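For reference, the structure is listed below as structure tokens.
Computed from a predicted model, the values in this text were never measured in an experiment. Numbering of residues begins at 1 and proceeds along the displayed sequence. Keep in mind that the numbers below use all heavy atoms, side chains included, and drop hydrogens, waters and symmetry copies.
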Amino acid sequence: MALFALGRRYQNMITMRQVWKQSARQVTARKVSAHQAAKAMIGITVISAFIVWLVFNLNRVM
């Protein structure tokens, strides 16, 4: 009975460790994805601000 309980506990520990490793990999992937999305949003904002600035200056010249 005791060996069965220890075996189940060991099996549960191995399973939990695998789940933890997998979730750690997912967190890393999500961080990378979020960082790339933030960089893309900043880039689009800069380009949009430049276009708005260009349109206002062209209206002033004409």
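Annotation: the span from Phe56 atom CZ to Trp53 atom CH2 amounts to 12.5 Å, rounded to 0.5 Å. Considering CG of Asn59 and CG of Leu54, their distance stands at 10.0 Å, rounded to 0.5 Å. Remark: Gln22 CD to Gln26 CD distance equals 5.0 Å, nearest 0.5 Å. Rounding to the nearest 0.5 Å gives a distance of 5.0 Å between NZ of Lys21 and CZ of Arg17.
Between the side chain of Ser33 and the main chain of Ala29, no donor-acceptor pair closer than 3.5 Å is present.
In this structure, Leu3 places its CG atom where only 12 or fewer heavy-atom neighbours from other residues, nucleotides or ligands lie under 6.0 Å away. No more than 12 heavy atoms of other residues, nucleotides or ligands sit less than 6.0 Å from atom CE of Met16.
Not a single ring-ring contact (aromatic ring centres under 6.0 Å, His included) links Phe4 to another residue, sequence neighbours left out.
When side chains are defined from C-beta on, Asn12 does not count as touching Arg8, because their heavy atoms never get closer than 4.5 Å.
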